[in-house]
Amino acid sequence: WYQRRVRGLLTFPLAILYRYLVLPYTVPKHKDIFLTLTGLLLYFFCFGTDAWHAISMTTGSYMFMWLCGVKASTCFVVFVCTMSHLLYGYITVSGVNYTVTWTLIHCQALLKVVGYFLDLFDEGKDTPESFLTYTAYVYFPFTNLVGPQFQYFRYKKFRETSTTPNSWKYSLRQLGLGVMYIGLFYGIKQFTSTDFIISEEFLSWSLPTKLLFITFWTKWFITKYCAIWCMSESAACIAGLGEQENGDWDGVVNVDVVKFETSLTIQDELTSFNMQTHQWVKRNVYKRCKFLNIPVLSRVVSLAFLYLWHGVYIGFLNLFVVEALGISTEEALNRYISRDKISRSVPVIPRWLLSCVQYVLKNMCVGYGLCGFALRTPARCHVFYSSVYYCFHWGMVVWLVFEVMVVRGLVGGKKSKISIVNRRSGY
């Protein structure tokens, strides 16, 4: 417990040390050595000999690509082998109570390793670049435990820089947000816990009370992830990583706090959370499935990868299924009863009131799925979802079936006429 928290704090003195002593006075090769060694030290400090899982995966993948060359087939082999190693870890260490094990650093290193070779393949390179630069990128000490992810080209630009960055203002802002989220999480934790939503007290409540409670309970549950990402990004920016071409420092931002906390749609909330991982999946999984020529299948493959990468708990799968159903239902509903259409049809209803209702419903739907993520195992998930009658599961499925079979069936034959009416009426 204390090691993980000390580890999180160690990234800041290391970042300051790198910023003022390593960055201005060393050549890129020396920077690679410093980042590799400090990254490995943090690995062993937190996970002991279990760190060899990530190290062997990183080293073995490089040796294989060095011997066989960077090709589509070898990239696929590395992807399959690294994922198999990770899944082995998930299967052997998973239990009722989730504990942080070597799979945490392994899943982060996996994205770096696979992304590195795919980037080289896209650039047309036949062999890997320097092993030392490769390990410094993978073991990058300020993000090697929890992210955020970033591409290899960004690291190459980072290692070649010798000018002290002007990132203090942005870094301190992200650090402040992280501290705020930590305070909220531990402050509210005094009054609740993950197991509360399957406790006798919670189960005795009425359905509306349960749904309203999880709307705000899951906002608390997710604050710990926002905290660690904001603080990790802060340390990376202190060291000089994250500068954009326009001078902004949000190049490795993993949670857009303002958008995440104020979004009115499920889609907007998802695109503002764990952003770098989602971009990695879009770039390296979704777009590479275009040869299938079936966008829906590409999305299914991407969601399947995200599920397996997070872990093999049924609660994780439930979250991604609810998110997919929620987005589809949201898109379908917006075609008929969007906030703008209601405002025009019933002008007496204030727009701010509609926004508040939409905000609560959005958080309720996302929270409904996150409860499975928090509970993880089938038995615990069933206790919660049966207590709310699986209401969102059934509701979204019924609506989608109705929308596909009835609404689209009726509208399909009058498509041209309706499109003319819509253009005339301004929809």
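Quick note: numbers below take in every heavy atom, side chains included, and nothing from hydrogens, waters or symmetry partners. This structure is a prediction, so every number in the text was calculated from the model and none was measured.
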**OP:** Tell me, with the steps shown, if M180 and C230 meet side chain to side chain contact (heavy atoms under 4.5 Å, CB included).
**Re:** CA-CA 10 Å; M180 178 195 72; C230 285; over 6 Å; no
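- A 4.5 Å side-chain heavy-atom check between Y116 and V78 finds every atom pair outside the cut-off.
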**OP:** Take D122 and R288, measure what salt bridge (charged side-chain N to carboxylate O under 4.0 Å, His left out) needs, and give me the verdict at the end.
**Re:** CA-CA 11 Å; D122 291 340; R288 296 181 193 278; 2.7 Å; yes
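- Under the 4.5 Å side-chain criterion, counting only non-hydrogen atoms from C-beta, H53 is not in contact with F47.
- Partners of L37 according to the side-chain contact (heavy atoms from CB on, under 4.5 Å) rule, which considers only residues two or more places apart in sequence or in another chain, are I33.
- A salt bridge does not link R154 to D119: none of the charged nitrogens lies less than 4.0 Å from a carboxylate oxygen.
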**OP:** Given side chain to side chain contact (heavy atoms under 4.5 Å, CB included), test V114 with M83 step by step and report yes or no.
**Re:** CA-CA 10 Å; V114 174; M83 276 298 295; over 6 Å; no
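- For the pair Q149 (side chain) and Q108 (backbone), a donor-acceptor distance under 3.5 Å is present.
- More than 12 heavy atoms of other residues, nucleotides or ligands shown are found within 6.0 angstrom of CZ on F44.
- More than 12 non-hydrogen atoms from other residues, nucleotides or ligands lie less than 6.0 angstrom from NZ of K156.
- In this structure a side-chain-to-backbone donor-acceptor pair under 3.5 Å is present from K31 to T161.
- Cation-pi contact between K219 and F260: present, with separation from the ring centre below 6.0 Å and deviation from the ring axis of at most 45°.
- In summary, the aromatic rings of F305 and F320 are positioned with their centroids too far apart to meet the 6.0 Å limit.
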**OP:** Decide yes or no on side chain to side chain contact (heavy atoms under 4.5 Å, CB included) for C365 and E330, but give the supporting numbers first.
**Re:** CA-CA 10 Å; C365 182; E330 188 176 68; over 6 Å; no
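- Atom CZ in F12 sits 4.5 Å away from atom CG in L175 (nearest 0.5 Å).
- Judged by distance alone, with hydrogens and angles left aside, the side-chain atoms of N254 form a donor-acceptor pair with the main-chain N or O of Q276 at under 3.5 Å.
- Other residues, nucleotides and ligands place more than 12 heavy atoms under 6.0 Å from the CH2 atom of W205.
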Original post:
Is there a side chain to side chain donor-acceptor pair (under 3.5 Å) between Y368 and H393 once you walk through the steps?
Top reply: CA-CA 9 Å; Y368 179 86; H393 288 87; 2.6 Å; yes
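- Between H310 and F373, the ring-plane angle classifies as perpendicular under the 30° and 60° cut-offs.
- Around CH2 of W168, the count of heavy atoms belonging to other residues, nucleotides or ligands within 6.0 Å exceeds 12.
- The 12-atom threshold is not exceeded at CZ of F76, counting heavy atoms of other residues, nucleotides or ligands nearer than 6.0 Å.
- Aromatic pair Y18/F158: ring centres closer than 6.0 Å.
- Counting heavy-atom neighbours within 6.0 Å of Y389 OH, excluding the residue itself, gives a total of 12 or less.
- By the 6.0 Å contact criterion, CZ on F191 is open, its count of non-hydrogen atoms from other residues, nucleotides or ligands being 12 or less.
- One N or O on the side chain of S387 and one on the backbone of F384 form a donor-acceptor pair closer than 3.5 Å.
- Tested against Y139, the residues Y134, Y43, F34 include a single ring-ring contact (aromatic ring centres under 6.0 Å, His included) partner, Y43.
- Here the side chain of W220 pairs no donor or acceptor atom with the backbone of I188 at under 3.5 angstrom.
- In this structure, W229 has its ring center no closer than 6.0 Å to that of Y181.
- Between the side chain of S232 and the main chain of F142, a donor-acceptor pair closer than 3.5 Å is present.
- When atom types are taken as modelled, the side chain of K282 and the backbone of K287 share no donor-acceptor pair closer than 3.5 angstrom.
- Residues Y62 and T58 fail the side-chain proximity criterion, which asks for heavy atoms closer than 4.5 Å.
- Scored by the side-chain contact (heavy atoms from CB on, under 4.5 Å) test, T133 finds D32, S130, Y152, Y155, R159 as partners (sequence neighbours excluded).
- Side-chain N or O atoms of R19 include one that pairs as donor or acceptor with a backbone N or O of P165 at under 3.5 Å.
- Side-chain contact between E269 and N363: present, with at least one pair of heavy atoms (C-beta onward) separated by less than 4.5 Å.
- Proximity of a side-chain donor or acceptor of W66 to a complementary backbone N or O of P128 within less than 3.5 Å is not detected.
- For Y137 and F150, the ring centers are positioned less than 6.0 Å apart.
- Of the inter-residue distances, the one linking H278 atom NE2 with R283 atom CZ reads 13.0 Å to the nearest 0.5 angstrom.
- Distance check, rounded to the nearest 0.5 Å: OH of Y390 to NE2 of H382 gives 5.0 Å.
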Subject >> From CA spacing to verdict: side chain to side chain donor-acceptor pair (under 3.5 Å), T192, W217 >> reply: CA-CA 9 Å; T192 188; W217 181 87; 3.1 Å; yes
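- Between S193 atom OG and F196 atom CZ the span is 8.0 Å, to the nearest 0.5 Å.
- Within a 6.0 Å radius of NZ in K259, more than 12 heavy atoms belonging to other residues, nucleotides or ligands are found.
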Subject >> side chain to side chain contact (heavy atoms under 4.5 Å, CB included) between N318 and Y313, intermediate numbers included >> reply: CA-CA 9 Å; N318 169 80; Y313 288 103; over 6 Å; no
